Amino acid sequence: MNESLTQNVTEAFGHCADARTKEIVTALVRHLHAFARDVNLTHDEWRRGIEFLTATGKKCDGIRQEFILLSDTLGLSIVLDDINQHHDDGATESSLLGPFYRDGVKEAALGANIAQSDGEPVYFHGVVSVVSGKPVADALIEVWQTAPNGMYEGQDPDQPEGNLRGRFRTDADGAYAFHSIKPTSYPIPTDGPVGQMLLATGRHPMRPAHIHFRIDAPGYEPLTTALYSSDDPYVNSDAVFGVKPSLVIEYVSKDGGYDAARDFVLIPRERA
Ligand code: BEZ
Ligand code: FE
């Protein structure tokens, strides 16, 4: 094995003026070389790898981003979340934003119903607070989830505008509440190279049922997270690795529907 090959290449970046770019590119070279040596990569295998990456690029357009899907299914997106999340004891953990977040949803009064699709009714409620326990009033809460057919509004022309998307403000006690329906598990898009990769490697494309939350309040780190259903068959095998045990909730049967109680804990900006 000729170790000097890797050294020659990293030294070729030695004049890079930007220190961070140099750090990233030389580490990438070291890890790429180590990977190729680790698996004894053949020319034919790398040619097929390049064909796969080319097809991934060709699948991208203004809406579809196959490279993000690749990053998600390789677990890289959730590793980045982990690296960049401000960890603080007691604070709510983050989870993937995903591609279906949409800005500009009209704010609704607390207690409103965000569902225009039929489904099993759920009452979501809880309190937003700081690690110290102090409630966070007037925090912006944005939520979005799939309909029972496994599609988000925006993927599905048959769903009414704004279906299963909500935007609320916590009250003076930090409380939020809204009505919706029970989320459904759904497959990530499989009609591209990432879908072929999952199929070829014996993996399924399903995300367990979840509802996304984004919580933002002045003076606090914004929180992007999701709540996963404990009774979902895919809760332990999420295709994009977004599930964390602390984000799994139980839907408790109540009044012919479900009650889903969940508090969120933010991190003050100065502590982050
Ligand atoms: C989502 O939860 O919406 C999602 C996340 C990653 C890939 C595809 C979908
Ligand atoms: Fe989602």
Side-chain angles (χ1 to χ4, degrees), residues 1-43 45-101 103 130-131 140 188 192-194 197 212 214-226 238-244 246-247 265-272:
M1 190 168 83
N2 187 350
E3 293 287 359
S4 67
L5 290 174
T6 299
Q7 201 181 337
N8 287 348
V9 180
T10 55
E11 280 174 9
F13 290 101
H15 300 292
C16 178
D18 183 77
R20 178 67 175 152
T21 304
K22 184 172 162 183
E23 180 186 2
I24 291 172
V25 82
T26 54
L28 180 67
V29 166
R30 277 189 277 108
H31 287 278
L32 275 177
H33 289 202
F35 157 72
R37 291 191 191 282
D38 189 23
V39 299
N40 281 316
L41 196 66
T42 66
H43 285 291
E45 286 162 344
W46 184 219
R47 181 186 52 73
R48 280 155 57 199
I50 287 172
E51 280 168 10
F52 172 78
L53 292 173
T54 305
T56 301
K58 285 187 175 163
K59 192 71 190 171
C60 297
D61 56 31
I63 296 167
R64 178 75 175 259
Q65 231 306 348
E66 196 74 356
F67 274 113
I68 294 182
L69 210 52
L70 182 59
S71 164
D72 294 341
T73 51
L74 293 180
L76 184 58
S77 304
I78 198 70
V79 167
L80 255 70
D81 250 32
D82 192 48
I83 295 169
N84 292 287
Q85 177 185 6
H86 300 290
H87 296 269
D88 198 338
D89 280 351
T92 303
E93 290 192 281
S94 66
S95 192
L96 299 168
L97 175 70
F100 301 114
Y101 168 75
D103 200 2
V130 200
V131 182
L140 177 67
I188 61 168
V194 170
M197 182 272 285
H212 294 268
R214 258 179 72 139
I215 305 180
D216 211 344
Y220 301 93
E221 281 302 313
L223 174 67
T224 299
T225 193
D238 182 2
V240 295
F241 309 99
V243 179
K244 295 174 181 176
S246 70
L247 301 176
V265 181
L266 305 182
I267 302 174
R269 264 194 202 282
E270 64 271 21
R271 294 261 304 275

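These figures come from a predicted structure and were not determined experimentally.
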Legend entry - Interatomic distance, Met197 atom CE to Leu74 atom CG [nearest 0.5 angstrom]: 5.0 Å
Legend entry - Flag side-chain contact, heavy atom, 4.5 Å: Thr10 against His33: no
Legend entry - Heavy atoms of other groups near Ile63 CD1, more than 12 under 6.0 Å: no
Inset, instruction - Measure the NE2-CG distance between His31 and Asp38 for me, rounded to the nearest 0.5 Å. - result: 12.5 Å
Legend entry - Donor-acceptor contact below 3.5 Å, side chain Thr224 vs main chain Arg214: no
Inset, instruction - Measure the spacing between CD of Glu221 and CG of Asp216 and express it to the nearest 0.5 Å. - result: 9.5 Å
Inset, instruction - Could you pull out the closest heavy-atom pair between Val265 and Thr92, with the gap in Å? - result: N-OG1, 2.7 Å
Inset, instruction - Considering non-hydrogen atoms only, spot the tightest contact between Leu70 and Thr73 and give its length. - result: O-OG1, 3.1 Å
Legend entry - Phe52 to Val194 - nearest heavy-atom pair and separation: CE1-N, 4.3 Å
Inset, instruction - Would you indicate whether the side-chain heavy atoms of Phe241 and Asp72 approach each other to under 4.5 Å? - result: no
Legend entry - Residues Arg20 and Glu23 bridged, charged N to O under 4.0 Å: yes
Inset, instruction - State, yes or no, whether a side-chain contact exists between Ile215 and Thr225 at a heavy-atom distance under 4.5 Å. - result: no
Legend entry - Student check: side-chain heavy atoms of Pro193 and Glu66 closer than 4.5 Å: yes
Legend entry - Flag, side chain of Lys22 to backbone of Gly14, donor-acceptor distance under 3.5 Å: yes
Legend entry - Non-hydrogen side-chain atoms of Val79 and Ile83 separated by less than 4.5 Å: yes
Legend entry - Leu96 vs Ile78 side-chain heavy atoms within contact, under 4.5 Å: yes
Legend entry - Atom pair OG1 (Thr54) and CZ (Arg47), whose distance is rounded to the nearest 0.5 Å: 11.0 Å
Legend entry - Heavy-atom side-chain proximity of Phe13 to Leu28 below 4.5 angstrom: no
Inset, instruction - Work out which heavy atom in Ser95 is nearest to a heavy atom in Gly242; give both atom names and the distance. - result: OG-O, 2.8 Å
Legend entry - Side chain to side chain, Asp61 and Arg64, heavy atoms closer than 4.5 Å: yes
Legend entry - Nearest-0.5 Å distance, OG1 of residue Thr6 to CZ of residue Arg30: 9.5 Å
Legend entry - Taking every non-hydrogen atom, the tightest pair across Ile68 and Ser77: O-OG, 4.2 Å
Legend entry - Sole residue of Asp81, Asp82, Asn84 in side-chain contact (heavy atoms from CB on, under 4.5 Å) with Ser94: Asp81
Inset, instruction - Any chance you could measure Gln65, atom CD, to Thr56, atom OG1, to the nearest 0.5 Å? - result: 10.0 Å
Inset, instruction - May I have the step-by-step check of side-chain hydrogen bond (donor to acceptor under 3.5 Å, both in side chains) for Glu3 and Gln7, ending in yes or no? - result: CA-CA 7 Å; Glu3 293 287 359; Gln7 201 181 337; over 6 Å; no
